[in-house]
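Along the sequence shown, residues are numbered consecutively beginning with 1. Only a predicted model underlies this, so the values are computations on that prediction, with no experimental measurement involved. Both backbone and side-chain heavy atoms feed into the values below; hydrogens, waters and symmetry mates do not.
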Amino acid sequence: MNNVFSGKWITAQEFRGDAGRIKNFYMKVKKSFTLAKIPRACVNITADDYYKLFINGKYVGQGPAPGYAFAYNYNRYDITDFLEKGENTVEAVVYYQGLVNRVFVSGDGRQVMIADFYFDNVFAFGTDESWQYCTDNSFVSKRVTGYDTAFLEDRDLRIRDSGYKNCVAVDADYQLNKKPFPALEIYPVRAKAVVNANRYFYDFGQEYACHLRICAVSKKSGGKIMIHCAEELDENGRPRYKMRCNCEYEEICILNEGENRIEQYDYKAFRYLEIITDGSVTVKDAEILVRHYPFPEKSAQLKSTDEKLTAVFNLCKNTIKYGTQEVFVDCPTREKGQYAGDAFISGFAHFYLTGDCRMLKKAIENTAQSVKYGSELLAVSPCSLKQKIADYSLLFPLMLLKYYTLTKDLEFLSETVWVCDYVINSFKKYEDKDGLLNKVDGQWNLVDWPDNFRDSYDFNLSDPIGGGRHNVINAFYISCIENTQKIKKLLKIPFEDKVSELKKSFNNAFYNKDSSLYTDSDASLHSSVHSNFLPVVFDICGNSRRENIADYLVSRGMRCGVYMSYFYLKALCVSGKKNDAYGFLTSDGENSWLNMIKEGATVCFEAWGKDKKWNTSLFHPWAAAPILILAEHFPDKFIYAAGGRL
């Protein structure tokens with residue numbers, strides 16, 4: 001079904017039969033047309049899995065943002081300046097990955113493209129069977145990196161494209177979103193090469209999400225270059241391309257004789273580049289093309305003379321700018337997926353920094369849409385991998401209510417409240433006689449990650465999870481129900497108030513009167529920081545207990561991971577401990593953002609230090625909690641972007 005386009009969905013003939021085994025497939029499509037004069041022109045375009053669009057050999061744009069087929073994204077471009085009098089050619093490279101991962105809704109044997117061209121606001125032509133395609137067979141790699149995240153781009157440029165033939169028009173069941181979604185900003189960044197014999201080394205000054213463009217000259221057919229990309233240098237000062245995050249960024253290109261232009265298709269995240277040539281090849285030029293969701297020049301600023309706070313703010317701002325792609329990626333290396341918990345931090349940080357709520361709204365929509373795709377609320381969306389994390393599901397009503405508080409989008413609140421009820425109903429099967437959750441199995445109980453930052457949380461969280469009731473999942477459950485009730489009150493939807501009784505049950509189960517603290521489970525006397533900052537943030541503990549708990553949290557320090565640091569710092573701020581929260585923001589201790597900077601970070605790490613996790617990503621936007629804390633609790637130091645003020 002096609003509710004936006006006048007053109008036809010087209011595909012390669014290879015996808016007419018059983019396409020289940022097709023992977024890493026590059027289709028080049030083209031169409032020529034003639035213009036007597038240059039009109040005002042635009043194009044609507046989308047593809048599954050992905051496209052890059054060129055007109056008269058010039059790059060126009062790429063996309064779409066990933067989406068489920070029943071809520072698919074498309075882009076719109078003004079192409080007036082790309083057109084010429086006389087003959088014009090439009091080309092697109094459409095990629096089908098074929099892997100089941102967190103990046104695309106792929107691995108389903110579906111590869112299509114559709115486009116409409118408008119001249120002077122009148123439909124001129126669209127995709128149909130007259131468009132021709134060939135396959136680019138130079139991408140020879142069968143190797144993947146990350147968690148089946150991407151194919152490495154080994155190339156053999158001696159292999160020619162297949163011959164052109166007509167595309168196939170197909171009936172596709174995509175439902176397009178009503179409005180086009182913004183395309184990425186793409187721009188080149190260069191660095192001076194340090195050349196040592198056949199080795200070319202580049203330091204781009206900081207880590208980016210980007211792809212490579214290389215020009216190399218080979219004296220013979222079959223000359224080779226080896227490409228290494230890395231987030232850091234090894235002990236010998238060489239790019240550590242076997243990266244901590246479980247990605248191996250080593251690729252080989254075999255060249256034609258003469259000048260070869262190599263532009264990679266997919267993106268990576270790295271700072272350092274090394275190109276090693278054989279004796280027959282000279283690297284003439286190399287640059288990266290940085291990519292991110294549009295980020296305004298007049299973004300939020302910090303109003304402070306504190307150099308430490310400024311360094312932390314800039315680190316987090318860079319992370320959000322370059323880490324926001326067509327989704328809020330958990331990391332632009334290992335997984336490239338939009339996790340609901342990560343998007344909570346990234347999404348609100350992005351909104352405070354930019355005043356643009358579109359990406360945040362889409363992230364909430366994507367999570368809601370995952371119910372239709374996966375028959376359950378999924379932790380990562382939109383993608384073909386189906387993963388569940390209980391903490392993230394229970395976070396949904398808070399994210400939705402927080403979005404409404406900032407945007408006053410009552411219509412979206414009304415359209416989406418059903419997801420809150422869906423989450424609550426899906427967890428009711430775990431309720432015991434007191435209304436608390438007991439043995440929430442079949443999905444990950446995260447608490448915090450990596451697991452060595454759970455502050456010795458005393459409950460068996462392995463798979464299968466231990467029996468009994470534990471604190472964190474029940475704190476999130478109470479928050480889920482209370483925020484759902486707040487939403488229903490705003491929408492004037494009747495509900496039964498369950499929160500008071502649930503809080504009473506929580507306090508009976510987890511509050512230790514001897515220590516005046518909350519325990520990790522009803523069978524433990526251990527009190528982690530997690531079991532105490534959530535009852536404060538979610539107003540479970542009551543005013544009389546808050547001060548003692550806040551003192552305990554300060555004395556213990558930030559013994560949590562970077563993701564849960566938001567809730568830790570939030571608990572201090574709502575308990576009158578803003579000065580202590582500020583101290584942790586500007587700390588240079590082991591668990592701090594300044595420690596990341598000390599270890600060479602230009603964007604936030606996944607954990608407090610490089611060696612704090614066995615597969616640490618050195619680019620992880622879920623660590624940008626300081627942006628939220630500054631925006632929400634230090635308004636005197638935070639100059640909001642237009643539209644982003646509380």
I want to check a possible cation-pi pair here: [X] against [Y], using under 6.0 Å from ring centre and within 45° of the ring axis as the test.
| X | Y | value |
| --- | --- | --- |
| K612 | F453 | no |
| K336 | Y267 | yes |
| R545 | Y511 | yes |
| K386 | Y373 | yes |

(request) For atom CD of E590, decide whether the heavy atoms of other residues, nucleotides or ligands shown that lie under 6.0 angstrom number more than 12. (result)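 Result for CD/E590: open.
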(request) Inspect the surroundings of CD in E547 and state if more than 12 heavy atoms from other residues, nucleotides or ligands are less than 6.0 Å away. (result)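 No, CD of E547 has 12 or fewer neighbouring heavy atoms, counting only those of other groups under 6.0 Å.
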Assess the side chains of [X] and [Y]: does a donor N or O sit below 3.5 Å from an acceptor N or O?
| X | Y | answer |
| --- | --- | --- |
| D448 | H530 | yes |
| S346 | D342 | no |
| S521 | S524 | no |
| Y640 | Q301 | no |
| Y457 | D451 | no |
| S528 | D520 | yes |
| N101 | T149 | no |
| S462 | N460 | yes |
| Q338 | D330 | no |
| Y68 | N366 | no |
| K317 | S299 | yes |
| N532 | R556 | no |

(request) Hey, can you tell me if F348 and Y352 have their rings parallel, tilted or perpendicular (30° and 60° cut-offs)? (result)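 Rings of F348 and Y352: tilted, 30 to 60°.
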(request) Look at the rings of F427 and Y430 and say which category their plane angle falls in: under 30° parallel, 30 to 60° tilted, over 60° perpendicular. (result)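 The arrangement is tilted - the two ring planes meet at 30° to 60°.
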Please examine the side chains of [Y] and [X], heavy atoms only from C-beta on, and report whether any two atoms are closer than 4.5 Å.
| X | Y | answer |
| --- | --- | --- |
| Y518 | L534 | no |
| H292 | E326 | no |
| P621 | I345 | no |
| D391 | L395 | no |
| T602 | N318 | no |
| N508 | D522 | no |
| L618 | E207 | yes |
| Y477 | F506 | no |

Going by an N to O cut-off under 4.0 Å, is there a salt bridge joining [X] and [Y]?
| X | Y | result |
| --- | --- | --- |
| K308 | D306 | no |
| D434 | K504 | no |
| R546 | D539 | yes |
| K402 | E632 | yes |

(message) Per the salt bridge (Lys or Arg N to Asp or Glu O under 4.0 Å) rule, what does the pair list look like for residues 416-426, sequence neighbours excluded?
(response)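 Applying salt bridge (Lys or Arg N to Asp or Glu O under 4.0 Å) to every pair that reaches into residues 416-426, excluding sequence neighbours, yields D421-K488.
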(message) For the aromatic rings, using the six-membered ring if either is Trp, is the centroid distance between Y568 and F584 under 6.0 Å?
(response)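 Ring centres of F584 and Y568 closer than 6.0 Å.
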Euclidean distance, [Y] [atom2] relative to [X] [atom1], rounded to 0.5 Å:
| X | Y | atom1 | atom2 | answer |
| --- | --- | --- | --- | --- |
| I478 | I540 | CD1 | CD1 | 4.0 Å |
| T354 | K298 | OG1 | NZ | 15.0 Å |
| L378 | R102 | CG | CZ | 12.0 Å |
| I481 | C420 | CD1 | SG | 11.5 Å |

(message) Go through it in stages, so that I can follow the logic: the residues are K303 and D636, the test is salt bridge (Lys or Arg N to Asp or Glu O under 4.0 Å), and I'd like the CA-CA distance, side-chain angles, deciding distance and then a yes or no.
(response) CA-CA 7 Å; K303 186 179 180 182; D636 58 317; over 6 Å; no
(message) Using the rule ring pair (Phe, Tyr, Trp, His ring centres under 6.0 Å), only one of F344, Y293, Y403, Y322 pairs with H350; which is it?
(response)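 The passing option is Y293.
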(request) Please say which of W614, Y339, W622, W444 ends up in a ring pair (Phe, Tyr, Trp, His ring centres under 6.0 Å) with W449. (result)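 So, applying the ring pair (Phe, Tyr, Trp, His ring centres under 6.0 Å) to W449 and each of W614, Y339, W622, W444, only W444 qualifies.
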(request) In sequence, state the C-alpha distance, the side-chain angles, and the governing distance for D588 and K598, and then conclude on salt bridge (Lys or Arg N to Asp or Glu O under 4.0 Å). (result) CA-CA 8 Å; D588 57 3; K598 183 170 63 178; over 6 Å; no
(request) Indicate the atoms forming the closest heavy-atom contact of M564 with F533, along with that distance. (result)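 Where M564 meets F533 most closely, the heavy atoms are CE-CE1, 3.7 Å.
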(message) Please enumerate all residues that pass side-chain hydrogen bond (donor to acceptor under 3.5 Å, both in side chains) together with N579, with sequence neighbours excluded.
(response)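 Expected list: none.
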